[in-house]
Novice: 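I'd like to ask some things about the structure below.
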Amino acid sequence: MHTARCAVPLLALALITTTCGGGDHATGAADGLTSAATAPAPEGSLPVGDGGGAVTIVAQNISFDTTEISARVGESLDITFDNRDNGLQHSLHVRDTATGDQKTEIAAGPVTQTLQVTFDRAGEHRYFCDVHPFMTGTITVE
Ligand SMILES: [Cu+2]
């Protein structure tokens, strides 16, 4: 009998390197992205500029809704002129500001315009519409 069995035992080198520490879980959970976006949100209220005032004058039905305004010498007054007369032209013309007369362009509504005026002397200052001179008001400056 001649049975030659070449039984080469494959010693499987089971080098199973078990890397312990299975997966680094959230180690650095305390860093970074805490988005504390503190947005200072000024709302849509009328901005009162530093040291000045603001007022809105509406032109509607060929008249100003505001005809009495107060202001102070040397302080700027931001006027929003809101022409709501559809298809009708108005302007806002302010007399005797620190830089002379100031006025918006004559424009047909609906349109909103702005005018910033400053007065260098006290008293009553008239304003009116160039198209309709009977549309008038007074800014009392003190
Ligand atoms: Cu007018």
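When reading the values below, keep in mind they use all heavy atoms of this one structure, side chains included, and skip hydrogens, waters and symmetry mates.
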Novice: Is any side-chain heavy atom of Ile62 closer than 4.5 Å to one of Met135?
Specialist: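 A side-chain contact under 4.5 Å exists here.
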Novice: Any side-chain heavy atom of Gln113 within less than 4.5 Å of one from Phe81?
Specialist: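 Of all side-chain heavy-atom pairs linking Phe81 with Gln113, at least one is under 4.5 Å.
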Novice: Of the non-hydrogen atoms in Ala71 and Ile139, which two are nearest, and what is the gap between them?
Specialist: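 Heavy atoms of Ala71 and Ile139 come nearest at CB-CG2, 3.9 Å.
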Novice: With rounding to the nearest 0.5 angstrom, report the CD to NE2 distance, Gln102 to His93.
Specialist: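 Going from CD on Gln102 over to NE2 on His93, the span is 9.5 Å.
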Novice: Find out whether Phe119 and Arg72 are in side-chain contact, i.e. whether some heavy atom of one side chain is under 4.5 Å from a heavy atom of the other.
Specialist: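 No; the side chains remain at least 4.5 Å from each other.
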Novice: Looking only at atom types and distance, does a side-chain atom of Thr97 sit under 3.5 Å from a main-chain N or O of Thr99, one as donor and one as acceptor?
Specialist: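 Checking the backbone N and O of Thr99 against the side chain of Thr97, a donor-acceptor pair under 3.5 Å is found.
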Novice: Please name the pair of heavy atoms, one in Ile106 and one in Ser91, separated by the smallest distance, quoted to 0.1 Å.
Specialist: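 For Ile106 versus Ser91, the nearest heavy atoms are CG1-CB, 3.7 Å.
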Novice: Please find the pair of heavy atoms, one from Val131 and one from Pro133, that lie closest to each other, and give the distance.
Specialist: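 The pair with the smallest heavy-atom distance is O-CD, 3.5 Å.
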Novice: Does the Thr104 side chain pair with the main chain of Leu92, one donor and one acceptor, at a distance under 3.5 Å?
Specialist: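 A pair under 3.5 Å: yes.
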Novice: If the condition is side chain to side chain donor-acceptor pair (under 3.5 Å), which residues does His132 pass it with, not counting sequence neighbours?
Specialist: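 Result, side chain to side chain donor-acceptor pair (under 3.5 Å) vs His132: His90.
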Novice: Do you know the tightest heavy-atom contact between Asn83 and Gly109?
Specialist: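 Between these two residues, the closest heavy atoms are ND2-N, 3.1 Å.
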Novice: Does the side chain of Asp101 come within less than 4.5 Å of Val94's, by heavy atoms?
Specialist: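 Not touching, per the 4.5 Å side-chain cut-off.
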Novice: Heavy atoms, side chains only, cut-off 4.5 Å: are Gln60 and Asp85 in contact?
Specialist: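 Sidechains of Asp85 and Gln60: in contact.
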Novice: Side-chain heavy atoms under 4.5 angstrom apart, residues restricted to Ile, Leu, Val, Met, Phe, Trp, Tyr: same cluster for Val55 and Val58?
Specialist: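 Per the 4.5 Å side-chain linkage, Val55 and Val58 are not co-clustered.
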Novice: With side chains defined as the heavy atoms from C-beta onward, is the minimum distance between Leu88 and Asn86 less than 4.5 Å?
Specialist: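 A side-chain contact under 4.5 Å is absent here.
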Novice: Supply the atom-to-atom distance Phe134 CZ to Cys129 SG, rounded to the nearest 0.5 angstrom.
Specialist: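 Nearest 0.5 Å value for the CZ-SG distance: 7.5 Å.
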Novice: Taking only residues at least two apart or on different chains, which pairs with a member in residues 114-125 satisfy side chain to side chain donor-acceptor pair (under 3.5 Å)?
Specialist: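 Counting only pairs at least two positions apart or across chains, the side chain to side chain donor-acceptor pair (under 3.5 Å) contacts touching residues 114-125 are Asp78-Gln116.
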Novice: Looking at residues at least two apart in the chain, or sitting in another chain, which of them share a side-chain contact (heavy atoms from CB on, under 4.5 Å) with Thr66?
Specialist: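 By the side-chain contact (heavy atoms from CB on, under 4.5 Å) rule, Thr66 matches Ile57, Ile69, Tyr127.
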Novice: Test Thr136 against Phe64 for side chain to side chain contact (heavy atoms under 4.5 Å, CB included), laying out the working first.
Specialist: CA-CA 7 Å; Thr136 64; Phe64 293 139; 5.7 Å; no
Novice: For salt bridge (charged side-chain N to carboxylate O under 4.0 Å, His left out), just list the numbers for Arg84 and Asp82, CA-CA rounded to whole Å, side-chain angles, deciding distance to a tenth of an Å, and then say yes or no.
Specialist: CA-CA 6 Å; Arg84 297 182 184 172; Asp82 183 4; 2.8 Å; yes
